Amino acid sequence: MATAAMVSGCTGPLSTLDVAGPAAGSVATLWWVMLAGSVVLFLLVALLLWASYRRPGLIARMEPGRFVFWLGLVMPALVLTALVTTALALGERLLPQPGTPQPMRIEARAEQWRWVFSYPDLPGAAPTPDVLHMPAGQPVDIVVTSADVVHAFWIPRLGGKIDAIPGHTNIIRLLADRPGSYHGVCAEFCGTGHTIMRFMAEAHPAETLATVLGVDP
């Protein structure tokens with residue numbers, strides 16, 4: 001019941017567990033894997049504490065060398081290997097892979113303290129400050145850069161975050177499963193206006209995107 005109560009707090013417009021796309025699903029899967037691993041470790045430590053209190057003779061009979069080897073070396077190595085392997089495998093899904101078809105590209109430029117989105121694949125579409133328009137049900141490549149300092153682009157319900165670095169571009173591939181509005185934030189402290197550097201991602205039916213941006217289909 002306590003776990004259910006705590007997890008119920010992981011909701012809302014910036015929740016990484018209320019997923020609305022496959023990339024966010026990968027992030028949520030990693031979170032659940034890490035939670036399960038931490039629960040197992042917690043129970044193991046709790047069991048050892050209980051045994052040391054209720055069965056001190058049992059603990060005293062354990063050979064210190066084996067105790068350190070299995071619980072101090074083998075177990076952490078297995079747990080960390082599993083977590084790192086899972087994180088790398090799931091993290092690769094957030095990035096465009098060579099040889100895959102290139103979807104629509106949207107440029108996200110960070111400034112102190114706002115985001116400006118441009119649509120090079122839709123000639124005539126005007127830039128949209130603090131509102132990202134994207135097609136629902138189709139992957140898009142977000143080309144992220146910065147005009148001043150390091151920022152971070154993050155739409156928690158659609159995927160992981162990626163840095164916005166001056167003079168450099170990073171690309172993250174996102175897909176919104178369905179039309180809707182998704183909150184985005186700057187996830188890197190960037191100055192006094194950091195807390196107000198938010199934006200909205202509006203996912204539209206693919207056939208209406210051009211019209212929304214004022215471009216003739």
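Here the structure is a predicted model, which means the values were calculated and not measured. Residue numbers start at 1 and run along the sequence shown.
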Problem - Polar side-chain atom of His194 near backbone of Glu188 as donor-acceptor pair, under 3.5 Å - result: yes
Practice task
Indicate yes or no for a side-chain donor-acceptor contact from Tyr182 to the backbone of Ala20 under 3.5 Å, with no hydrogens or angles considered.
Solution key: no
Practice task
Please assess Leu175 against Arg173 for the test side chain to side chain contact (heavy atoms under 4.5 Å, CB included), listing each intermediate value before the final yes or no.
Solution key: CA-CA 7 Å; Leu175 185 151; Arg173 182 165 293 178; over 6 Å; no
Exercise for the section: Give every residue pair that meets the ring-ring contact (aromatic ring centres under 6.0 Å, His included) criterion with at least one member in residues 154-178, sequence neighbours excluded. Expected result: none
Handout entry: Gap between atom CG of Leu158 and atom NE2 of His183 - 0.5 Å precision
Key = 11.5 Å
Practice task
Verify, without hydrogens or angle tests, whether Thr85 (side chain) and Ala82 (backbone) share a donor-acceptor contact under 3.5 angstrom.
Solution key: no
Exercise for the section: Could you grab the distance from atom CG of Leu80 to atom CE of Met75, nearest 0.5 Å is fine? Expected result: 9.5 Å
Exercise for the section: Kindly check if the number of other-residue, nucleotide or ligand heavy atoms within 6.0 Å of CZ (Arg178) is above 12? Expected result: yes
Practice task
Report yes if some heavy atom in the side chain of His204 is under 4.5 Å from a heavy atom in the side chain of Pro179; otherwise report no.
Solution key: no
Exercise for the section: Consider only side-chain heavy atoms of I, L, V, M, F, W and Y, link residues closer than 4.5 Å, and tell whether Met134 and Ile162 are in one cluster. Expected result: yes
Handout entry: Pairwise side-chain contact, Leu83 with Met34, heavy-atom cut-off 4.5 Å (strictly under)
Key = yes
Exercise for the section: Given side chain to side chain contact (heavy atoms under 4.5 Å, CB included), test Met104 with Leu209 step by step and report yes or no. Expected result: CA-CA 12 Å; Met104 176 183 178; Leu209 179 63; 3.7 Å; yes
Practice task
Apply side chain to side chain contact (heavy atoms under 4.5 Å, CB included) to the pair Leu132 and Ile142, showing each step before the final yes or no.
Solution key: CA-CA 10 Å; Leu132 164 63; Ile142 311 296; 4.2 Å; yes
Problem - Same cluster (ILVMFWY, side-chain, under 4.5 Å), Trp70 and Leu73 - result: yes
Exercise for the section: Using modelled atom types only, decide if a donor and an acceptor are shared between the side chain of Asp130 and the backbone of Trp115 within a distance under 3.5 Å. Expected result: yes
Practice task
Describe, in one word, how the ring planes of Phe153 and Phe199 are oriented to each other, choosing from parallel (under 30°), tilted (30 to 60°) and perpendicular (over 60°).
Solution key: parallel
Handout entry: Joint cluster assignment, Leu122 & Phe117, ILVMFWY side-chain distance < 4.5 Å
Key = yes
Exercise for the section: Taking Arg109 for its side chain and Val116 for its backbone only, find out whether a donor-acceptor pair lies under 3.5 Å. Expected result: no
Problem - Considering all heavy atoms, the nearest Ala125-Tyr119 contact - result: CB-CB, 4.1 Å
Problem - Point-to-point distance, once rounded to the nearest 0.5 Å, from CG of Asp177 to CZ of Arg157 - result: 10.0 Å
Practice task
Would you give the length of the straight line joining atom CG of Leu49 to atom CG of Leu44, rounded to the nearest 0.5 angstrom?
Solution key: 9.5 Å
Problem - Donor-acceptor contact below 3.5 Å, side chain Asp121 vs main chain Arg105 - result: yes
Problem - Within one Ile-Leu-Val-Met-Phe-Trp-Tyr cluster: Val39 and Leu17, side-chain cutoff 4.5 Å - result: yes
Handout entry: 4.5 Å side-chain heavy-atom contact, Val140 and Pro103
Key = no
Practice task
Of all the heavy-atom pairs spanning Ala24 and Pro156, show the shortest one and how long it is.
Solution key: CB-O, 3.9 Å
Fill in the blank from the handout: All heavy atoms of Ala164 vs all of Ser146, minimum pair found to be O-CB, 3.5 Å
Problem - Interatomic distance, His133 atom NE2 to Thr128 atom OG1 [nearest 0.5 angstrom] - result: 5.0 Å
Problem - Short side-chain to backbone donor-acceptor contact, Thr81 and Leu78, under 3.5 Å - result: no
Practice task
Would you check if Trp113 and Thr195 make a side-chain contact, meaning some heavy-atom pair closer than 4.5 Å?
Solution key: no
Exercise for the section: Could you please spell out the steps behind the side chain to side chain contact (heavy atoms under 4.5 Å, CB included) verdict for His151 and Val144? Expected result: CA-CA 10 Å; His151 303 271; Val144 181; over 6 Å; no
Practice task
Establish whether Phe42 and Trp31 are linked, either directly or via other cluster members, by ILVMFWY side-chain heavy-atom contacts under 4.5 Å.
Solution key: yes
Practice task
Flag the pair Leu174 / Ile172 as yes when at least one side-chain heavy-atom distance between them is below 4.5 Å, and no otherwise.
Solution key: yes
Completion exercise
Nearest heavy-atom contact between Pro166 and Asp148 is CG-O, 2.9 Å
Problem - Exam field: side chain Gln112 to backbone Cys190, donor-acceptor pair closer than 3.5 Å - result: yes
Fill in the blank from the handout: d(Leu213 CG, Thr208 OG1) to nearest 0.5 Å is 9.5 Å
Practice task
Would you name the heavy atoms of Gly159 and Val27 that are closest together and state the gap between them?
Solution key: C-CG2, 4.4 Å
